[in-house]
Structure formats: structure tokens, C-alpha cells
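One structure below.
In what follows, chains are A, B, ... by sequence order, proteins preceding strands, each numbered from 1. Worth saying up front: this structure is predicted, and the values here are computed from it rather than measured.
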Amino acid sequence: MREALEGSLAIARAVAMAKPDVVAAYPITPQTHIVENLSKLVAEGDLHTEFVSVESEFSAASVVLGAAATGARAYTATASQGVLLMSEVLFNIAGLRIPLVMTVANRAVGAPLSIWNDQSDAMAVRDAGWIHLHCASNQEAVDTTIQAFRIAEATELPVMVCMDGFVLTHTMEVIDMPGQAQVDAFLPPFAFSRALDSADPRTVGTLVDPGWFAEMRHSHHAAMGRALGVIEKVDADFAKLTGRASGGLLTVTGDPDARVGILAMGSVVGTLEAGLADFGTEAGTARLIKLRAFRPFPARALREAVAGLDTLIVIDRAISPGLGGIVGSEVSAVLQSMTAAPRVLNYALGLGGRDIPESVYPALIAAAANPLAPRFAVFDADLDKLMPEDR
Amino acid sequence: MRAIDTSLPPQRPATKTAEFKPSLLLKEDHHLCAGCGEPVAIRLILEVIEELELTQNNVCILGHGCYGSFIMLMDVDSTLCLHGRAPAVATGMKRMRPGVAIWTLQGDGDMTSEGLAEIMQTAARGEDVTCFMLNNGVFGDTGGQMTASSVIGQRTKNTIEGRDAGYHGNPIQLAEILSQMPGAGYVARGSVHNAASINATRKMIRKAFQRPMDGHGLALMEILTMCPTGWFVPPGEGAEYMMESLGKVYGLGELKDAGAASDDDSDD
């Protein structure tokens with residue numbers, strides 16, 4: 001049913017339709033509304049779940065770990081500093097191959113303190129071993145949330161559903177909410193093969209000596225590789241059921257014949273699509289690549305998506321000081337094996353909630369036309385605000 | 001003398017004739033909600049710092065909460081640290097600057113929820129720092145959710161039917177716990193709900209700075225502050241609501257004073 005909903009409320013309803021056994025979370029802006037709405041659904045009797053209000057994100061992640069280890073369907077949500085406080089547990093969850101779902105309402109990481117959107121939080125834990133799916137709209141976030149439970153349970157890997165804080169979480173959008181019957185058909189009850197069972201005792205997680213650690217990591221990496229196919233299949237199955245796909249691993253839109261491509265993750269994709277529509281005729285068209293799966297990283301699909309491009313601009317919503325962009329660096333790395341790889345320009349945009357206007361589109365196209373354009377830049381930084389030595 | 005008839009409107013509107021604020025407060029105005037108790041508590045702290053002649057000899061470490069907006073309004077050396085970690089940061093500063101009054105400004109969410117380990121361990125080590133907890137029983141800055149200090153029956157954004165001991169657990173009475181710890185030299189709980197409580201709290205704040213400076217260990221100064229927005233009550237009813245809810249659980253007064261014997265406080 002199509003409804004005008006705030007992103008956070010829509011996510012709470014999507015989570016409720018997945019019927020989680022346990023929800024544990026700690027309030028943090030801009031994730032708060034998701035958890036508030038879930039607690040409201042519990043209070044109103046519309047969601048039967050153990051809702052645990054814990055004292056920190058560190059405990060929230062630990063509670064869902066414990067619950068999921070018993071075979072429960074578990075969910076949590078956080079953002080920014082919460083992701084980082086959880087980070088030790090996030091590695092633990094993934095290393096133990098515990099399937100659960102977490103929404104990250106992407107927000108900058110301090111210091112300096114910022115409550116506004118960028119993707120520094122998810123990037124900081126990119127190596128924790130979680131599947132990372134980035135959503136460009138609230139519709140995608142709703143659909144991806146439901147898909148995430150199936151992906152997690154099929155791969156025995158935790159899934160992080162990333163949606164831009166405020167830009168998506170606090171924005172009203174007309175969303176086609178799936179029906180409960182559809183979700184029930186799509187998402188069968190969770191049966192965890194390695195669930196703790198006192199009738200058949202087993203150990204989940206123990207000291208691993210050097211004779212086994214490398215194999216555990218290899219196995220985790222291999223499972224991530226297999227997850228590429230699972231993500232695509234689950235999205236295709238969801239599309240069969242609802243008529244809507246969420247973008248598989250990545251999607252290519254815009255002008256397929258353009259010589260300039262722009263790759264981005266999250267809500268900025270919508271801005272670029274609008275920019276292409278409004279400025280494309282005058283400034284020149286571009287191929288737009290919406291990267292949905294950041295982990296596992298879809299190297300092969302990406303090489304196919306960029307074939308024929310002269311220049312690929314990669315947008316980063318975070319920065320790795322001393323390196324530059326993170327998505328940009330990874331894209332550059334996987335394009336190395338191409339015989340005719342495009343030149344990669346990597347620009348950080350919208351850090352700490354800096355507004356990204358549609359007019360960024362012609363500016364990016366102009367950079368692509370400039371042979372002397374810098375390989376990396378904080379594209380929208382106002383250099384006049386900086387100390388001379390930092391310009 | 002003829003009594004003023006307060007039922008009539010004033011003959012001329014009230015006018016502001018002078019500023020009255022401690023020197024460490026850069027502006028009289030704040031942008032917190034109407035009826036908030038935090039500006040009153042912070043003002044008291046700054047007044048006491050001035051009285052104790054610590055204006056050039058103190059550092060404030062702020063946690064995360066509405067009070068954080070005062071970082072730009074206080075003429076005080078300050079650091080905004082991570083949520084809940086202020087007592088640990090204060091420890092590092094105090095060890096390097098033993099002669100400086102190091103104080104933390106935290107809320108109940110910051111101190112009893114996220115940062116419980118830090119305040120307990122800092123008290124266990126007996127660090128000579130002053131820790132303020134502005135207790136309103138909610139995460140005000142995040143929009144009014146339950147903290148570890150929310151009282152039974154309290155309605156918050158995530159305890160819509162009221163905090164239930166069986167489902168949400170019981171409130172943590174941190175001051176009572178710390179008063180049992182040898183490393184905490186001064187533990188008191190004040191309030192800012194009326195003039196008498198403000199005066200009493202002011203005296204406690206004075207000792208909360210003096211005791212750690214005299215080497216008696218950590219001081220925990222809890223101050224009950226009104227949060228009408230987070231309690232879903234009109235601003236004018238915050239004080240009454242507070243004493244009917246938090247006030248019933250969190251008794252006011254000094255819980256411990258290791259320096260009472262050597263008290264030369266001439267303020268009384």
C-alpha cells in the first residue's frame with residue numbers, strides 16, 4: 001500500500017513485518033525515531049518482541065549477538081559514535097558468523113562533533129566482516145531491510161543496512177509498503193543451523209590457535225564472495241514478489257553511451273539523477289552507477305559497469321585522512337586489471353551534513369573534462385576558510 | 001504599606017534594568033527549552049567557581065546532553081569528550097594538573113547509562129575530581145528516552161506505558177552506590193526546583209569543589225533538574241512533576257562528606 005511515511009517510521013514497520021524475536025538498541029541521533037517507533041509498536045501490541053533498552057551501543061550489539069546465537073531473529077540500529085562504540089562487538093558478531101540485521105542511519109564521526117549525515121561511520125567498520133548495503137531512497141531502505149534478514153540468514157553473515165541520516169531517516173516519502181502476507185511468504189521463520197541448543201551442546205566462539213585462524217578468515221572471505229550471488233538472487237526474488245528491485249549489487253542509470261561516469265552510494269544518487277535531468281543537456285550527460293553492495297565489493301559487476309568510460313568520478317561521503325577517498329580507492333584498485341580502465345577522479349562530498357545541491361552535477365562534469373583535475377579533493381570545501389598551509 | 005494587588009495587570013510593563021550573571025557566563029540567554037533546570041544548575045556551578053576564586057584555575061569536561069550547548073556560553077577552559085567518558089578524561093587531566101579544579105558536566109544518561117563504568121572506576125581510584133550529574137531521568141538531547149535513572153512509572157519515548165521494573169529494569173541510584181565507595185569523598189544530591197533547594201544546592205556545590213581540592217577523593221554532585229519537554233508536562237509544572245516523580249526516589253541532601261571534620265567553610 002502506498003503511504004506517505006517518514007523514513008524512520010517506514011523502517012520500523014518493515015522491521016516489525018520481519019517479526020524479530022529481539023530488538024536491542026540505544027538512542028542516538030539520527031537513528032532514534034526508528035527505535036522509538038519500534039517501541040511504540042511493541043507498546044501498542046502490534047509487535048511481539050523482546051525489546052531491550054540497554055545502556056550503550058556496546059551492550060545493544062552484545063544483546064543481539066547473544067539472542068541470535070540462540071537462533072533468534074535479532075535487530076538493532078545505531079549511527080555514528082554508536083557504530084564505533086559497537087565496533088569491537090561488530091567484529092565479534094561477524095567472526096562468529098551470527099546472522100542479524102542492523103540499520104545504520106549514517107552520520108559523521110567526531111571530533112569535531114557533528115550530528116549530520118555522511119558515511120564515515122559505516123566506512124570505519126568496513127573491515128568488520130559485515131555485509132554493507134547502501135540505500136538511495138526510503139523505498140529502497142524498506143525493501144532492503146526486509147531483504148537483509150533473508151540475506152543474513154542465507155549467508156550466516158550479519159547485514160548492515162545503511163541509510164543516510166536525516167536525508168532519508170527524517171524525510172517523508174511516498175512508500176509502497178509490502179503487505180504482511182508478502183513478507184511472510186518472502187521471509188520464512190529463521191532456522192539457524194548453529195543455534196545454541198542445550199540438548200546438543202556446542203561452543204560458539206573460542207580461542208583459535210594459529211593452526212586454524214587463517215582458515216577461519218579465509219572461510220569468512222569465501223562466504224562474503226558467495227554472498228554476492230545471494231544479494232542478487234534475494235533482490236530478484238523480492239522483485240518477483242513486489243514488482244520492485246532494490247538495485248542488486250549495483251545499478252547503472254543515466255546515459256549508457258556517455259564517456260563520463262559517476263559512481264556513488266546512498267541518497268546522493270538521487271541528487272545526481274536530478275542533476276542529470278536538469279543540467280544534462282547543457283553540461284553533458286553521464287552514466288550513473290549506484291553502488292548498493294559495498295561489502296562484499298562487487299568487483300566484476302563494477303568492471304562491467306564502467307566499460308567504455310573515459311573518466312569515472314567516484315563520490316565518497318567520508319575521508320581517510322592521509323589517503324583520500326575510501327570508495328574511490330577501492331574502485332581504483334579493482335579497475336587495475338582492466339585493459340582500458342577509465343581515469344578515476346575521487347571526490348569527497350557532503351562531509352558532516354554539507355548540503356549537496358543538484359548544481360554539483362555540472363561541476364563534476366566540468367572536472368571530468370579537465371585533464372588537470374585533481375585525483376582526489378574534498379570537492380565542496382571552501383578553501384578560504386582554511387589556514388594557508390592547508391589550502 | 002499598601003499591598004500590591006497581583007490580580008491586576010502591571011501599570012507599566014516590566015523592564016530589564018541590569019544584567020545579573022556570573023562573570024563566567026558569557027550571555028544571560030540560553031536556547032534550551034522553557035522550564036529547563038539545567039541553566040539554573042550551570043549558573044550555580046559558575047557562581048561557586050567565581051566565589052572560590054577558581055576562575056583561572058579550572059577545567060570543565062563535558063559529556064553529551066543539552067548542557068553541552070553551554071560549552072560556548074561558559075568562559076571556562078573546556079573539552080567536549082565522548083559520551084560517558086568524562087571522568088576518565090578528567091583523570092588524565094588531574095594527574096597532569098593536580099592543582100587545578102577539574103570538573104565534569106554530565107547528565108544521567110551520560111553518567112549512569114553510557115558512562116557507568118567510567119564514574120565507578122574513577123571513584124574507585126579516588127581521583128580528586130568533581131563530577132556533576134544533572135539528573136532529569138531522560139535523554140533530553142536525544143528527544144526524551146529512558147535512561148538508567150528514569151523512575152518506575154515514568155513515561156518516556158520508549159517506555160510509553162511507563163517504566164516497568166519487570167520489563168525495563170530498576171533505576172540506578174548512583175549517588176547511593178558511590179557513597180559506599182572509599183574513593184568518593186563527597187557525595188550529595190541537590191535540586192533546582194525552588195529557591196530553598198537552589199540555596200542548599202549552592203552550598204553543596206561549594207563542598208563538591210573543595211573536597212577533591214583538599215585531597216578527599218572524588219566528589220559526585222548530583223542535581224535534579226527539570227525537563228518538562230522530556231516529561232511531556234507544561235513548563236510551569238516541571239518543578240512539581242519532578243518532586244512527585246524523581247524526587248520520591250532520589251532523596252535530597254549530603255550522602256557522604258569525608259571532609260566534614262576539617263570544614264572551614266564560612267559560608268554557612
Side-chain angles (χ1 to χ4, degrees), chain A residues 6 8-9 12 22-61 63 76-87 105 107 109-115 165-166 169-170, chain B residues 61-69 71-72 78-85 89 107-120 137-150 154-172 174 230 232:
Chain A
E6 188 210 30
S8 297
L9 173 59
V22 172
V23 175
Y26 180 86
I28 182 167
T29 306
Q31 150 269 32
T32 324
H33 289 186
I34 298 173
V35 183
E36 274 176 16
N37 282 311
L38 279 168
S39 69
K40 197 164 171 229
L41 290 169
V42 172
E44 288 166 354
D46 295 327
L47 171 61
H48 302 287
T49 186
E50 280 294 324
F51 188 94
V52 193
S53 295
V54 286
E55 82 289 355
S56 72
E57 291 86 356
F58 196 74
S59 288
V63 167
T76 186
T78 191
S80 183
Q81 313 296 142
V83 176
L84 269 76
L85 186 61
M86 276 185 182
S87 61
R107 166 184 147 182
V109 172
L113 177 64
S114 166
I115 59 166
F166 293 114
T169 56
H170 287 54
Chain B
I61 300 138
L62 295 100
H64 285 261
C66 303
Y67 48 83
S69 64
I71 197 167
M72 303 300 281
S78 52
T79 300
L80 182 68
C81 72
L82 287 173
H83 196 24
R85 315 305 161 204
V89 175
D108 49 301
D110 194 81
M111 191 183 277
T112 64
S113 294
E114 185 100 15
L116 187 62
E118 271 72 8
I119 184 67
M120 296 288 287
V138 284
F139 287 106
D141 206 14
T142 321
Q145 298 82 17
M146 183 190 85
T147 69
S149 93
S150 301
Q154 187 180 335
R155 289 182 73 228
T156 71
K157 289 259 187 78
N158 54 356
T159 59
I160 292 166
E161 304 296 317
R163 182 172 188 166
D164 175 74
Y167 196 70
H168 304 107
N170 290 287
I172 293 174
L174 184 65
F232 320 111

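With a threshold of 4.5 angstrom between heavy atoms, E44(A) does not approach chain B through any atom at all. Of the two parts of Y26(A), only the side chain, counted from C-beta on, holds a non-hydrogen atom closer than 4.5 Å to a non-hydrogen atom of chain B. For Q145(B), the part lying under 4.5 angstrom from a heavy atom of chain A is the side chain only. For T32(A), the part lying under 4.5 angstrom from a heavy atom of chain B is the side chain only. For a residue to count as touching a neighbouring chain, one of its non-hydrogen atoms must lie under 4.5 Å from one of that chain's; by this rule R85(B) touches chain A with the side chain only. For L116(B), no part lies under 4.5 angstrom from a heavy atom of chain A.
Under the 4.5 Å side-chain criterion, counting only non-hydrogen atoms from C-beta, R107(A) is in contact with P30(A). T142(B) places none of its side-chain heavy atoms less than 4.5 Å from the side chain of I28(A).
Note: C81(B) SG to L62(B) CG = 8.0 Å, rounded to the nearest 0.5 Å.
Between H83(B) and H64(B), the ring-plane angle classifies as perpendicular under the 30° and 60° cut-offs.
Judged by distance alone, the side chains of H33(A) and E6(A) do bring a donor and an acceptor atom under 3.5 Å apart. Between the side chains of S39(A) and N158(B), no donor N or O sits under 3.5 Å from an acceptor N or O.
For the set I115(A), L85(A), V52(A), the count of heavy-atom pairs under 4.5 angstrom toward chain B peaks at L85(A).
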